[in-house]
Number of protein chains: 2
Amino acid sequence: MVAETRERILEAADLLFYQRGFEATSFADIAGSVGISRGNFYHHFKTKDDILDGVINRRLTNTEQMLDRWEVTGADPAERIRSFIHILIVNGEKIRKFGCPVGTLSSELAKLNHAAQSDAAGLFTLFRSWLCRQFERLGFGEGSDELAMHVLGRSQGVATLANAFDDDGFLHREVDLMCVWLDDQIAQLGTS
Amino acid sequence: MVAETRERILEAADLLFYQRGFEATSFADIAGSVGISRGNFYHHFKTKDDILDGVINRRLTNTEQMLDRWEVTGADPAERIRSFIHILIVNGEKIRKFGCPVGTLSSELAKLNHAAQSDAAGLFTLFRSWLCRQFERLGFGEGSDELAMHVLGRSQGVATLANAFDDDGFLHREVDLMCVWLDDQIAQLGTS
DNA sequence: CTCAATCTAGGACAAACGTCCTAAATTGTC
DNA sequence: GACAATTTAGGACGTTTGTCCTAGATTGAG
């Protein structure tokens with residue numbers, strides 16, 4: 001089944017791009033990881049950029065599904081935002097080892113001047129829009145997008161430093177701070 | 001003069017590592033940028049890791065000098081912290097194009113499992129210790145290091161997102177927010 | 001069962017990589 | 001001015017890279 005092999009390739013490439021980076025991952029690495037030949041590989045993806053597109057689209061789909069799930073499971077918008085903040089802890093081990101999958105890919109592609117950089121930034125946009133919607137539901141109106149970007153930025157910074165210093169305590173402290181910040185924002189909303 | 005050639009190589013490598021990344025920059029790229037032959041190049045640096053070490057040490061020295069300068073020019077510790085926060089704006093154009101030099105290098109080396117990753121993290125430590133010292137002078141005592149890490153993290157997040165979205169407005173808004181946060185911290189310090 | 005379409009394996013290709021070598025050119029010292 | 005040490009240029013090396021090709025294996029439709 002072509003779809004299965006394609007998916008196995010994308011899964012392996014996704015992981016390797018995250019753990020080693022796009023540039024540092026070769027065709028042979030991915031093929032070896034999947035256990036297929038380079039020739040078979042080429043039948044599914046003509047160029048390295050094709051794999052990158054596939055991986056980004058795969059991540060976009062998976063992220064969308066995750067956000068949709070949170071939309072259902074989260075009791076209220078504030079709780080949903082807290083779910084987002086807590087990915088930092090849920091994925092803490094990976095983040096300390098490899099950083100944030102979204103941020104590090106976006107940074108690398110920006111440096112490579114790669115055409116797919118804007119597609120990778122689309123992953124950020126997915127989170128940004130979702131967070132914005134949650135803030136809107138909480139009643140923040142026009143300021144919602146700026147709050148969404150603020151949360152996104154804070155998360156990125158925490159991921160970068162937790163990775164650089166391999167510091168789990170910092171990660172937890174900053175997650176707590178972000179939750180306090182969120183409560184403050186909601187409290188201030190009531191007093192205006 | 002050997003020192004001059006060495007310095008010219010390091011300067012070119014520093015810039016290229018920042019703009020394109022370490023892995024994506026080749027010996028030929030650096031030699032071509034300096035205008036010397038690869039053979040000459042090899043006389044100064046035996047391996048690519050040697051250049052990386054040289055670049056990191058160069059950055060460490062330059063950063064230390066910059067922080068020392070701020071120690072003199074900044075009127076008070078709070079003003080000095082504001083100088084730090086405002087590098088985001090001073091280097092705004094570069095950051096939107098290539099991200100933060102410290103954060104992106106650290107992330108890349110972490111993914112490559114490179115031995116020099118901890119050296120690169122030393123650049124963060126330089127800023128961290130300096131910021132910590134400023135907070136201590138302001139009277140934050142034991143909490144100073146956590147505040148330093150918080151500022152460092154916020155800056156990293158702002159740089160990552162400003163780069164991903166090439167967004168100058170976001171960068172300015174977040175710098176303002178960080179200054180407000182700083183004033184709040186100092187104000188709260190007085191009321192306890 | 002047949003045959004066309006699809007999938008797979010493995011090798012070939014030029015280019016680029018980091019590394020190393022040799023031989024000139026330049027420099028500094030007596 | 002002579003000579004040793006340093007600096008420079010440029011090519012050679014083995015590997016790895018992304019890409020491409022051909023031929024056999026597998027699959028599915030009639």
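Residue numbering restarts at 1 for every chain, and letters A, B, ... go by the order of the sequence lines.
- By the 30° and 60° cut-offs, the orientation of the rings of B:Phe98 relative to B:Tyr18 is perpendicular.
- In this structure, A:Phe41 atom CZ and C:dG10 atom C1' are separated by 16 Å, rounded to whole Å.
- A:His43 has no side-chain polar atom (N or O) that falls below the 4.0 Å cut-off from OP1 or OP2 of C:dT8.
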Between the protein and nucleotides 19-22 of chain C, which nitrogen or oxygen pairs come in under 3.5 angstrom?
| residue | atom | partner | partner atom | Å |
| --- | --- | --- | --- | --- |
| C:dT19 | OP2 | B:Lys48 | N | 2.8 |
| C:dC20 | OP2 | B:Tyr42 | OH | 2.8 |

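- Of the side-chain N and O atoms in A:Asn40, none sit less than 4.0 angstrom from OP1 or OP2 of C:dC7.
- Salt-bridge check for B:Lys111 with A:Glu108: failed, with every basic side-chain N at 4.0 Å or more from each acidic carboxylate O.
- The phosphate of C:dT8 (OP1 or OP2) has a side-chain N or O of A:His44 nearer than 4.0 angstrom.
- Listed pair B:Thr5 / D:dT8 meets the phosphate criterion, a side-chain N or O lying under 4.0 Å from OP1 or OP2.
- At distances below 3.5 Å, at least one donor-acceptor pair connects side-chain atoms of B:Asn163 with backbone N or O atoms of B:Lys97.
- A salt bridge does not link B:Lys48 with B:Asp53: every distance from a Lys NZ or Arg NE/NH1/NH2 to an Asp or Glu carboxylate oxygen is 4.0 Å or more.
- Look at B:Arg128 and B:Asp145 and you find a salt bridge, because one of the NZ, NE, NH1 or NH2 atoms lies within 4.0 Å of a carboxylate O, short of that distance.
- Across the protein-nucleic acid pair, A:Asp29 atom CG and D:dG18 atom C1' stand 13 Å apart, rounded to whole Å.
- At whole-Å resolution of the value, CD1 in A:Ile9 and C1' in C:dC7 are 11 Å apart.
- Of the candidate nucleotides D:dT17, C:dG18, C:dA9, C:dG18 has the atom nearest to the side chain of B:Ser26.
- Comment: A:Glu79 engages A:Arg82 in a salt bridge, judged by a side-chain N to carboxylate O separation of less than 4.0 angstrom.
- The interatomic distance linking B:Leu112 (CG) with C:dC17 (C1') rounds to 15 Å, in whole Å.
- At a non-hydrogen distance threshold of 4.0 Å, nothing from residues 11-23 of chain A comes into contact with DNA chain D.
- Ring to ring, A:Phe170 and A:Phe165 are not that close: their centroids are 6.0 angstrom or more apart.
- Using the six-membered ring where Trp is involved, B:Phe27 and B:Phe41 have ring planes that are tilted, between 30° and 60° apart.
- For the pair B:Glu71 and B:Arg137, the salt-bridge criterion is met [side-chain N within less than 4.0 Å of a carboxylate O].
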